[in-house]
Protein chains: 2
Amino acid sequence: MCVKLHLVQNSSVDEPALGLRERKKRARREALIDATHRLVAEHGLDAVTVEAICEEAGVSARTFFNYFETKDDAVLGHTPWPLDSAATEEFATGGPTGNLLADLQALVSSFLTDAPIGRQRVARALELAAKEPRLLARHLAWMEQHKGQLSALIERRLGDDAPYSSEIVGSTLLFLTHATFLRWDAAGGAGTADEHVSAVVADLRSILTD
Amino acid sequence: MCVKLHLVQNSSVDEPALGLRERKKRARREALIDATHRLVAEHGLDAVTVEAICEEAGVSARTFFNYFETKDDAVLGHTPWPLDSAATEEFATGGPTGNLLADLQALVSSFLTDAPIGRQRVARALELAAKEPRLLARHLAWMEQHKGQLSALIERRLGDDAPYSSEIVGSTLLFLTHATFLRWDAAGGAGTADEHVSAVVADLRSILTD
DNA sequence: TGCGCCCACTGCAAAGTTGCAGTGTGTGTA
DNA sequence: TACACACACTGCAACTTTGCAGTGGGCGCA
């Protein structure tokens, strides 16, 4: 059993430079997801026990369940969504530009950039989910749940007398996020989330205006 | 910052197979000693701060002082000596063979085999200590302290009406341990502690009988 | 001499991990 | 069917690490 913890330094200047505690928590979550992916890819979901994952990741089984509610969640990397971040707060209160589309794009970008687990992990999770119906189901349920939260967020921004229903805006947000993710991943992670979301919106517009 | 924790499985069958907690504690102690050795070898003892060591090892400075009383102790790898192990208990109560010399050898062997930090680390510690008088002093003080404990151990075994003073037996024990360690290390760690202690005793005997 | 700074080291409370002893469910087997 | 067993998952207490706010000593510098 040999465990490697990658503790990356937060380089940006204005960010508060995550403490050791926070960095270790991230590293452990990622280690668990990665271990799960490795084992599930090799042996299949049902042949892999939580205990095996934990041995691979070098933590106790109890700790596993401090990070994920179920084994399936570890495959999907489901983890509390940062719906309380500065970016969402800004969006809810009408920022950053005041233009709805632009601000939706900014939000999508922040979702993808601040994703609690990296892009590649999400890609692997989706790959595995495609093969295991149970995972897909759980993933969809998870999406559904968050759509509700997104709707609430949008409701806050638009108020009651909005031109659109918050549900349709929420769905759009989710769709944009997914599409942008796919484009970004297809590019091998090149470029910024910002660029990709813009491209997606442009594509979408040209599709719709024809 | 990138940290590798090696969690070795205890393979022997009768041993209780150290739990995860215990293995992590060992791994961390060793990581701290190794980090200290790397940095001190490169920059010198006084140019290395505890904080730097901890960054290298991926733990907080507070944790460092949970493991070592002082910075110097980390270089030397000074750590609670397993003077309460099964082997010492057996020795104290007249085992394992009943023959004093044989049992001393067994004890030396157990010291070296169960050493809380590996052979190579001890070698590096001694190397560094040779260059830093302060370390050497601390090391000697530490030896002195343990000689007392060894004497007490031997006192238990021999009782009051012994043919030898416990001090001289204690010194012999320490000397044998050191000499065996050197021989073992010179052999690059080849062979067992048992074999080396026997060889040392044989050499010693031939020296003395001439 | 006095002042400021760095650094070793400590005490304590909060956060996190681990061990353990469960419960419940599915599955293979007599 | 009944039993055993493996495994997901939970509750809780014990233990460990971490953050933080110190203290005190040494050292450069005005």
Side-chain angles (χ1 to χ4, degrees), chain A residues 1 3 5 7 9-10 16-32 35-36 39-40 43-76 78-80 116 132 134-135 137-138, chain B residues 1 3 5 7 9-10 16-32 35-36 39-40 43-76 78-80 116 132 134-135 137-138:
Chain A
M1 189 195 333
V3 181
L5 273 196
L7 305 182
Q9 278 289 15
N10 195 333
L18 254 28
L20 184 57
R21 186 140 36 210
E22 202 55 35
R23 273 178 293 149
K24 282 200 173 178
K25 194 156 33 177
R26 266 174 205 237
R28 243 187 296 260
R29 190 193 321 284
E30 294 178 355
L32 279 169
T36 307
L39 293 176
V40 169
H43 304 107
L45 181 56
D46 289 322
V48 173
T49 67
V50 169
E51 199 175 357
I53 294 168
C54 293
E55 180 152 337
E56 176 96 358
V59 301
S60 82
R62 193 61 187 76
T63 297
F64 179 95
F65 291 104
N66 291 344
Y67 281 88
F68 303 103
E69 291 188 9
T70 68
K71 182 170 75 173
D72 296 0
D73 280 347
V75 182
L76 297 170
H78 285 174
T79 196
E132 303 268 5
R134 208 174 75 223
L135 290 180
R138 178 132 188 139
Chain B
M1 191 195 326
V3 182
L5 273 195
L7 304 181
Q9 278 290 14
N10 197 335
L18 253 26
L20 185 57
R21 183 120 70 193
E22 201 55 37
R23 273 178 293 148
K24 282 200 174 177
K25 192 152 40 172
R26 265 174 207 237
R28 244 187 295 260
R29 191 194 320 286
E30 293 178 355
L32 278 169
T36 308
L39 293 177
V40 169
H43 304 109
L45 180 57
D46 289 321
V48 173
T49 67
V50 169
E51 198 175 358
I53 294 168
C54 292
E55 179 151 339
E56 176 96 358
V59 300
S60 82
R62 193 60 187 77
T63 298
F64 180 96
F65 290 104
N66 290 345
Y67 281 88
F68 303 104
E69 291 188 8
T70 68
K71 180 169 77 173
D72 296 1
D73 279 348
V75 182
L76 296 170
H78 284 174
T79 197
E132 303 268 4
R134 208 175 74 220
L135 291 179
R138 177 132 187 141

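Each chain gets a letter, A, B and so on, in the order the sequences are listed, and its residues count up from 1. The analysis underlying the following values was restricted to heavy atoms, covering all of them including side chains, and did not include hydrogens, waters or symmetry mates.
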Q) Closest approach of A:Arg29 and A:Phe68, non-hydrogen atoms and distance? A) CG-CZ, 3.7 Å
**Q.** Heavy-atom check, side chain of B:Val75 versus side chain of B:Arg138, under 4.5 Å
**A.** no
Q | Nearest-angstrom distance from the residue atom CZ of A:Phe65 to P of D:dT10 | A | 7 Å
Q. Could you give the CG-to-P distance, from B:Asp73 to C:dA8, as a whole number of Å?
A. 14 Å
Q. Which whole-number value in Å describes the distance from A:Phe68 CZ to D:dC7 C1'?
A. 19 Å
Q: Please state how far atom CD1 in B:Ile53 lies from atom C1' in C:dC9, giving the value in whole angstrom units.
A: 13 Å
Q: Please lay out, stage by stage, how B:Leu45 and B:Lys71 fare under the test side chain to side chain contact (heavy atoms under 4.5 Å, CB included).
A: CA-CA 9 Å; B:Leu45 180 57; B:Lys71 180 169 77 173; 4.1 Å; yes
Q) Which whole-number value in Å describes the distance from A:Leu39 CG to D:dA8 P? A) 12 Å
Q | Atom-to-atom span, CG of B:Asp46 to P of D:dG28 - whole angstrom | A | 12 Å
**Q.** Beyond-backbone contact of B:Glu55 with A:Leu20, side-chain heavy atoms, under 4.5 angstrom
**A.** no
Q: I would like to know whether B:Val50 and B:Phe65 meet side chain to side chain contact (heavy atoms under 4.5 Å, CB included); could you show each step before the answer?
A: CA-CA 9 Å; B:Val50 169; B:Phe65 290 104; 3.9 Å; yes
Q: Quickly work out the B:Leu45 CG to C:dC7 C1' distance and round it to whole Å.
A: 13 Å
Q. Which pair of non-hydrogen atoms, one from A:Thr36 and one from A:Ile53, has the smallest distance, and what is that distance?
A. OG1-CG2, 3.4 Å
Would you list the protein and nucleotides 16-20 of chain C atom pairs, both N or O, that sit under 3.5 Å from each other?
from: C:dG16; atom 1: OP1; to: A:Lys25; atom 2: NZ; distance (Å): 2.5
from: C:dT17; atom 1: OP1; to: A:Arg28; atom 2: NE; distance (Å): 2.9
from: C:dT17; atom 1: OP1; to: A:Tyr67; atom 2: OH; distance (Å): 2.6
from: C:dT18; atom 1: OP1; to: B:Lys24; atom 2: NZ; distance (Å): 2.5
from: C:dT18; atom 1: OP2; to: A:Ser60; atom 2: N; distance (Å): 2.9
from: C:dT18; atom 1: OP2; to: A:Ser60; atom 2: OG; distance (Å): 3.4
from: C:dT18; atom 1: OP2; to: A:Thr63; atom 2: OG1; distance (Å): 2.3
from: C:dT18; atom 1: O4'; to: B:Arg21; atom 2: NH1; distance (Å): 3.4
from: C:dG19; atom 1: OP1; to: B:Leu20; atom 2: N; distance (Å): 2.9
from: C:dG19; atom 1: OP1; to: B:Arg21; atom 2: N; distance (Å): 3.0

Q | Spacing between B:Glu51 atom CD and D:dT18 atom P, to the nearest angstrom | A | 14 Å
